[in-house]
Colleague: 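Take this structure, written in structure tokens, and hold onto it; I'll ask about it next.
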Amino acid sequence: NQVFAEPVTSGSTVTITTSDVGFGKSIDSQGNILSVASNSNVYLYRQNGNVITTLQTIVSANLTGNVTSISMSGDKNWLYVGANNSVHAYTTTDHIHYSLANVIQNTHSTTNIVKTNEWGNVLIIGAPLATNTLSTDGNVYVYSRSANAFTPTQTLSAQYKNQAAK
């Protein structure tokens with residue numbers, strides 16, 4: 001599997017390769033930092049001109065085979081990884097080494113889709129298989145972050161709870 005990245009200062013294309021299963025299943029970038037998910041790992045790269053260097057590989061037994069989505073804050077200080085009915089929150093102060101800050105458990109879906117804002121203090125988790133009135137109606141959960149603590153602030157559900165509407 002390959003991910004192609006447009007270089008910041010060069011007109012040529014750079015190829016990043018790895019033998020990890022599912023490499024490229026979710027990608028996000030902010031500035032010159034590129035994050036790439038495989039089925040069980042998250043790779044962080046820094047792009048400088050047409051040179052891409054590996055910064056870190058996040059490997060966690062809790063992620064194995066189930067990474068579903070990644071999202072990095074605009075300031076590059078927070079990286080969220082959806083996996084295994086949870087979201088793992090990683091933080092950094094140097095944009096080189098990310099460390100686990102917290103895990104939000106029971107996000108109601110094994111297929112979490114995560115998004116965050118510029119500062120990583122709002123986390124949005126899409127849980128399309130979450131159950132509310134009918135089986136797998138889906139929900140969107142909004143969390144706010146203060147320091148390393150996450151608080152649920154809102155749940156969005158489909159207006160029409162109708163199996164045929166899917």
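Worth knowing before you read on, the calculation uses all heavy atoms, side chains too, and leaves out hydrogens, waters and symmetry mates.
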Colleague: Considering only heavy atoms from C-beta outward, does the side chain of I70 approach that of S26 to under 4.5 Å?
Modeller: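 Heavy-atom side-chain distance check passes, below 4.5 Å.
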
Colleague: Is the shortest heavy-atom distance from the side chain of T92 to the side chain of K76 under 4.5 Å?
Modeller: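 Sidechains of K76 and T92: no contact.
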
Colleague: Taking all atoms of both residues into account, what is the closest heavy-atom pair of G82 and N112, and its distance?
Modeller: CA-CB, 4.2 Å

Colleague: Between V87 and I113, is there shared hydrophobic-cluster membership here, with clusters defined by ILVMFWY side-chain heavy atoms closer than 4.5 Å?
Modeller: no

Colleague: Residues in side chain to side chain donor-acceptor pair (under 3.5 Å) with S38, at least two apart?
Modeller: D20

Colleague: Side chains of Y90 and V81: does their closest heavy-atom pair fall under 4.5 Å?
Modeller: yes

Colleague: Between V67, V36, V59, which is the residue that forms a side-chain contact (heavy atoms from CB on, under 4.5 Å) with N41?
Modeller: V59

Colleague: Among T153, V122, L123, find the residue that satisfies the side-chain contact (heavy atoms from CB on, under 4.5 Å) test when tested with S144.
Modeller: T153

Colleague: Just verifying a value: how many Å separate T68 OG1 and K25 NZ, rounded to the nearest 0.5 Å?
Modeller: 7.0 Å

Colleague: Applying side chain to side chain donor-acceptor pair (under 3.5 Å) as the test, list every pair that has at least one member in residues 113-128; sequence neighbours left out.
Modeller: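 Only N117-N121 qualify under side chain to side chain donor-acceptor pair (under 3.5 Å).
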
Colleague: Is any side-chain heavy atom of W78 less than 4.5 Å from a side-chain heavy atom of Q30?
Modeller: no

Colleague: Are side-chain N/O atoms of N139 and S157 paired as donor and acceptor at under 3.5 Å?
Modeller: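 A donor-acceptor contact under 3.5 Å links the two side chains.
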
Colleague: Roughly how far, to the nearest 0.5 Å, is CD1 of I125 from OH of Y80?
Modeller: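 Going from the OH atom of Y80 to the CD1 atom of I125 covers 9.5 Å.
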
Colleague: Are any of the side-chain heavy atoms of L44 and L79 separated by less than 4.5 Å?
Modeller: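 Result yes, sub-4.5 Å side-chain heavy-atom pair found.
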
Colleague: Are V140 and I124 close enough that some pair of their side-chain heavy atoms sits under 4.5 Å apart?
Modeller: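 Contact flag for V140/I124 side chains = yes.
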
Colleague: Does the side chain of I33 come within less than 4.5 Å of M72's, by heavy atoms?
Modeller: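 The answer is yes; the side chains approach within 4.5 Å.
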
Colleague: Rounded to the nearest 0.5 Å, what separates atom OG in S69 from atom CD1 in I27?
Modeller: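 Atom-to-atom, S69:OG and I27:CD1 are 11.0 Å apart.
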
Colleague: Does the side chain of H88 pick up a donor-acceptor pair with the side chain of N102 at under 3.5 Å?
Modeller: no

Colleague: Quick check on the hydrophobic clustering: are I104 and L100 connected, directly or via other members, by side-chain heavy-atom contacts under 4.5 Å?
Modeller: no

Colleague: Should Y98 and Q56 count as side-chain neighbours, where that means a heavy-atom distance under 4.5 Å?
Modeller: yes

Colleague: Return the CZ to CG distance between R46 and L55, rounded to the nearest 0.5 Å.
Modeller: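 It is 5.0 Å, given to the nearest 0.5 Å.
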
Colleague: When rounded to the nearest 0.5 angstrom, what distance separates OG1 in T54 from OH in Y45?
Modeller: 5.0 Å

Colleague: Give me the atom names and distance for the closest heavy-atom approach of S73 to G120.
Modeller: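 Taking S73 first and G120 second, the nearest heavy atoms are CB-N, 3.4 Å.
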
